[in-house]
Amino acid sequence: MLKKTFAGTAALAASLLASTFAGAQSAPAVLTLHADQPTRAVSPSLYGLMTEEINYSYDGGLYAEMVRNRTFRGDWSGILYWNLVEDGDAAAKMTLDEHTGPSAALSSSLRLDVTRADAHSAAGILNIGYWGMALKPNSAYEGSFYSKTSATDLGPVTVSLVSDTTGKTLATTTVATLSADWKHYKFTLKTGTIEPSSTNHLVLTVAHPGSVWFNLVSLFPPTYHNRANGNRIDLMEKLAAMHPAFLRFPGGNYLEGNRIPERFDWKKTIGPLVDRPTHPGPWGYHSDDGMGLLEFLEWCEDLKMDPLLAVYAGYSLGGDHVKAGPDLEPYIQDALDEIEYITGGPDTKWGAERIKDGHPAPFKLTYVEIGNEDWLDRSGSYEERYPPFYKAIKAKYPNLQLIATAPVKSAHVEVLDEHFYVHATDNFHDATHYDKTDRNGPKIFVGEWATRQGFPTPDFGAALGDAAWMTGLERNSDIVVMAAYAPLLVRVDPGGMQWETNLIGYNAAKSYGSPAYYAQVLFAQYVGDHVLASSVQNAGDKFFYSATSSAGMKKIYLKLINGSSDPQPVQINLAGSKVASSAKLVSLTAHNPQETNSIDAPDRIVPVESTLHNVSSQFNHALPPYAIQVIEFDVQ
Ligand code: AHR
């Protein structure tokens with residue numbers, strides 16, 4: 001992640017430093033840190049992740065499934081992203097069959113009627129994947145499907161991965177003769193010494209006439225921690241590098257759905273995939289629900305994050321809400337059951353269900369959020385909906401911290417979720433937002449925030465706005481207990497983005513971090529457990545900083561941000577402690593605010609590490625134009 005030797009960026013940093021000295025202002029800013037004076041605590045869970053199904057974050061994103069519309073529910077036709085295969089003389093037809101499926105949840109299927117086919121003229125179906133299917137050499141792809149046939153002599157199903165561009169078969173296998181009843185068939189496709197590519201598709205064919213039905217056609221590449229039904233390795237590694245303390249899920253709007261029946265109905269997202277009915281998401285596409293409640297929790301487990309569960313609170317985006325009282329009670333019970341599924345033992349109904357689903361150990365749960373952005377509910381019903389959730393959850397789980405999504409007068413609010421989507425200049429002006437917030441009020445969870453400049457991912461100007469804002473979060477982390485950038489993920493292929501400005505971009509084969517991503521990485525990686533007393537004079541109005549120190553005062557982390565096109569010289573005074581004469585400097589810089597990373601230029605702006613020499617209790621530092629820097633001092 002951190003590039004110590006990235007030549008282009010190192011050269012850029014050097015040239016910017018040179019220009020700093022050349023154009024340095026006569027009077028530097030004077031920044032004094034009192035290394036022996038810890039002030040406010042920094043919350044250990046300050047930096048986390050916010051996530052939901054948007055921009056193909058899970059399907060076509062983190063969730064590694066390669067088959068698109070695997071349950072034939074993607075649109076009204078059912079067969080979106082599926083094509084018919086009629087090799088040579090073969091003749092066949094594919095339709096959506098609403099009358100048969102492998103389970104009550106998946107009660108329809110794709111029906112393939114083959115009227116003519118033989119060993120040389122196969123008939124079947126193909127799936128084009130999520131903007132292709134990425135294949136690597138010498139890799140195993142684990143697949144499966146549910147199927148049945150009406151023909152006794154249909155023969156085996158041949159499953160292959162085929163290149164779109166050359167038509168060459170890159171991996172192939174056969175699946176034994178199908179039965180007359182719905183059954184689950186598994187297969188493995190192994191590539192040989194192929195070139196990596198993502199212009200490939202999956203083909204399933206037969207060589208005899210007959211009718212055959214398919215559902216839940218699935219194919220997975222190797223996944224993070226080798227989990228079955230798991231996540232993309234490259235994306236999980238990028239998330240791990242953010243040192244996230246928590247994961248807020250399942251939304252966002254995705255929690256609420258456009259209409260009440262389209263909410264994230266967690267009970268329909270657990271257990272075998274075949275028992276998950278899938279559902280329409282609020283961002284214009286259908287969710288296959290492979291990323292269900294247990295998968296979210298296992299994602300937390302893999303990255304050592306605490307789950308921050310948002311429970312549906314009776315309001316959906318279209319404006320409908322459930323009236324407080326008897327109508328709301330089933331939803332409150334659903335939330336209690338959900339918490340029990342996560343934390344309960346074998347003696348509880350839903351804890352036992354989780355164990356049946358393959359996870360014996362309960363998960364640690366500290367925070368539960370009641371709803372999402374309920375200030376959008378113009379009826380004001382959150383005032384009545386929040387208290388019964390609060391009361392019921394607290395009665396059963398007194399240790400849980402409950403988060404409200406809008407100010408409420410009718411009940412106690414322990415933590416309030418506040419969202420900010422702004423421009424860089426707003427953050428420059430608002431970096432002091434929480435400096436004067438009442439310390440006796442609720443704790444704050446900044447559950448969604450971002451500087452929205454640049455798409456599909458933020459540019460360096462946005463990263464500067466973010467960094468300025470984060471200095472304010474760190475400085476006020478005694479009340480801002482958690483914060484999460486949003487949205488986190490975006491598919492960069494055409495049609496993949498529903499929301500501009502997202503932290504990490506990807507296509508089928510690769511992913512990249514935006515400049516704002518690297519700002520997040522730096523802020524979370526280099527942070528102490530308390531804020532140091534400090535003062536600054538003579539700084540430009542686009543200069544921001546945060547100074548924290550770690551337990552035992554062994555490290556000081558100084559973050560410096562210069563949002564200006566001019567260099568910012570700084571005289572740094574380190575009072576109260578002696579520090580080592582050299583320090584680690586990490587720099588994230590750009591030539592102008594519009595400069596950015598992309599899928600084809602992923603490393604244009606990345607952190608560069610170097611060593612600061614001649615550090616003493618008073619030394620001069622040259623902060624280049626457009627720069628986010630961290631200095632890590634060792635206290636002696
Ligand atoms: O992050 C994108 C959306 O912004 C979230 O779904 C919603 O909570 C907010 O309005």
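Read the numbers this way: they start at 1 and go in the same order the structure lists the ligands and their atoms.
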Can we call the ring centroids of Tyr58 and Phe296 under 6.0 Å apart?
-> yes
Is the Phe249 to Trp299 ring centre distance short of 6.0 Å?
-> no
Give the atoms of ligand 1, by number and element, whose distance to some non-hydrogen atom of Trp499 is under 4.0 Å.
-> 2 (C), 3 (C), 4 (O)
Is ligand 1 less than 4.0 angstrom away from at least one heavy atom of Gly251?
-> no
Which residue and heavy atom of the protein sit nearest atom 7 (C) of ligand 1, plus the separation = Asn253 OD1, 3.2 Å
Trp283 contact mode with ligand 1 (heavy-atom cut-off under 4.0 Å) | side chain
Is the distance between the ring centroids of Tyr254 and His279 under 6.0 Å?
-> yes
Heavy atom of the protein closest to atom 5 (C) of ligand 1 (residue, atom name, distance) = Glu52 OE2, 3.2 Å
Is the distance between the ring centroids of Tyr56 and Tyr285 less than 6.0 Å?
-> yes
Using a strict cut-off of 4.0 Å, indicate which atoms of ligand 1 neighbour a heavy atom of Asn372.
-> 8 (O)
For residues Trp449 and Tyr485, establish whether the separation of their ring centroids is below 6.0 Å.
-> yes
re atom 1 (O) of ligand 1, the protein heavy-atom contact at minimum distance is Tyr421 OH, 2.7 Å
Kindly state whether the ring of Tyr312 and the ring of Trp266 have centres lying under 6.0 angstrom apart.
-> no
Closest protein heavy atom (residue, atom, distance) for atom 10 (O) of ligand 1 | Glu373 OE1, 2.7 Å
Is the distance between the ring centroids of Tyr81 and Tyr130 under 6.0 Å?
-> no
Would you mind checking which non-hydrogen protein atom is closest to atom 4 (O) of ligand 1, with the distance to 0.1 Å?
-> Glu448 OE1, 3.1 Å
What about Tyr254: any of its N or O atoms under 3.5 Å from an N or O on ligand 1?
-> no
